[in-house]
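Computation of the quantities below employed the complete heavy-atom set of this structure, encompassing side-chain atoms and omitting hydrogens, waters and symmetry-equivalent molecules. Predicted model, so just to flag it, every value in this text is computed and none were measured. Start at 1 with the first residue, then count along the sequence.
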Amino acid sequence: MDILISNDDGIESPGILALAEGLSTLGKVVVVAPHRERSTAGHSLTLHKPLRINEVRSNYFAITGTPADCVYVATRRIMKKKPDIIVSGINNGANLGNDIYYSGTVAAAREGAYWGVKSFAFSLCIGNLQKSVLHWQSAVHFAKNIIPSAVKENYPVSMIINVNVPNLRLEEIKGLKISKQGRRYYSDNIDERIDPRHKPYYWLGGEYKGFEDIPGSDCVHVDQGYVSVTPLKIDSTDFEHLEEFKKWENKL
């Protein structure tokens, strides 16, 4: 297989290096990633300034843009042909529940799905008490097993496979669960500070407060020690309520 790998943690992050090495046994790997960390970049493209490409070593390219930029440039400029699969990760932290809307990791996979390629996002779910030891190889193990199986399955290429792996030794992981999207909670604090010129500036990003106990959700499964696999679709239409809203056609 021709495999494109990207992420939002940057071209030299330990997660992307471990993933690239692990997937090299499945095919030819090309790595195209941001030149620096772009976490929570979401699905943004850089249209207001030029991008630069730097080949840091053979088949490893750093882009001065977002994760979505990286996949866009890789599939249209760097690679000689459309890749067979696109894999984003391994992210340094979870992409569970509503995190996926902010996630640059998931956005890179989504950009691949836009391009008509089976795409995957892999994340290592690092808890507050587990930061000293990061079990990248546990995530690599599941990537090497999930991807070949998924490639054989007949599902829409417009779907993203979002995989979250607990930060545990491989033998401690209980197994794999197919999950629905859950919900995580954060504090809504905005930290105001004063710069040397006595003008205020602000830091966004609240403290993680936990998750909603939704049976069968990705948050619950990872908390229980399982690898969570969630199929995500690009089409965000709420079909459940679509007919109800059609009543507006004759009212407005």
Under a single-linkage definition using a 4.5 Å side-chain heavy-atom cutoff for Ile, Leu, Val, Met, Phe, Trp and Tyr, are Trp115 and Met159 assigned to the same hydrophobic cluster?
no

Face-on cation placement of Arg76 at Tyr72 ring, 6.0 Å and 45° thresholds:
yes

Over 60° means perpendicular and under 30° means parallel, so tell me whether Tyr114 and His43 are parallel, tilted or perpendicular.
tilted

Would you say CZ of Arg52 has more than 12 non-hydrogen atoms from neighbouring residues, nucleotides or ligands within 6.0 angstrom?
no

Modelled atom types, side-chain donor and acceptor of Asp99 and Tyr186, under 3.5 Å
yes

Inter-residue atom distance Lys180.NZ - Ile214.CD1, 0.5 Å rounding
6.5 Å

Flag yes if more than 12 heavy atoms outside Tyr101 fall under 6.0 Å of its OH atom; otherwise flag no.
no

Asn7 and Thr105 side chains, donor-acceptor separation under 3.5 Å:
no

Look only at the side chain of Thr66 and the backbone of Ser44, and say whether a donor-acceptor pair between them is shorter than 3.5 Å.
yes

Taking the side chain from Asp2 and the backbone from Lys28, do they hold a donor-acceptor pair closer than 3.5 Å?
no

Donor-acceptor pair, Asn167 side chain versus His135 backbone, under 3.5 Å?
yes

Starting from Val157, can I reach Ile85 by hopping between I/L/V/M/F/W/Y residues whose side chains sit under 4.5 Å apart?
no

Among the clusters formed by ILVMFWY side chains lying less than 4.5 Å apart, do Ile16 and Ile161 turn up in the same one?
yes

Can you confirm whether Ile190 is buried at CD1, in the sense that more than 12 heavy atoms of other residues, nucleotides or ligands lie under 6.0 Å from that atom?
no

Do you know which two heavy atoms are closest between Val229 and Pro231, and how far apart they sit?
O-CD, 3.9 Å

Have Asn92 and Ser13 got a donor and an acceptor in their side chains that come within less than 3.5 Å?
no

Kindly indicate whether the side chain of His35, heavy atoms from C-beta on, has any atom under 4.5 Å from the side chain of Ile63.
no

Are there more than 12 heavy atoms of other residues, nucleotides or ligands under 6.0 Å from atom CZ of Phe245?
no

Closer than 3.5 angstrom, by distance alone: can the side chain of Asn98 be matched with the main-chain N or O of Arg184 as a donor-acceptor pair?
yes

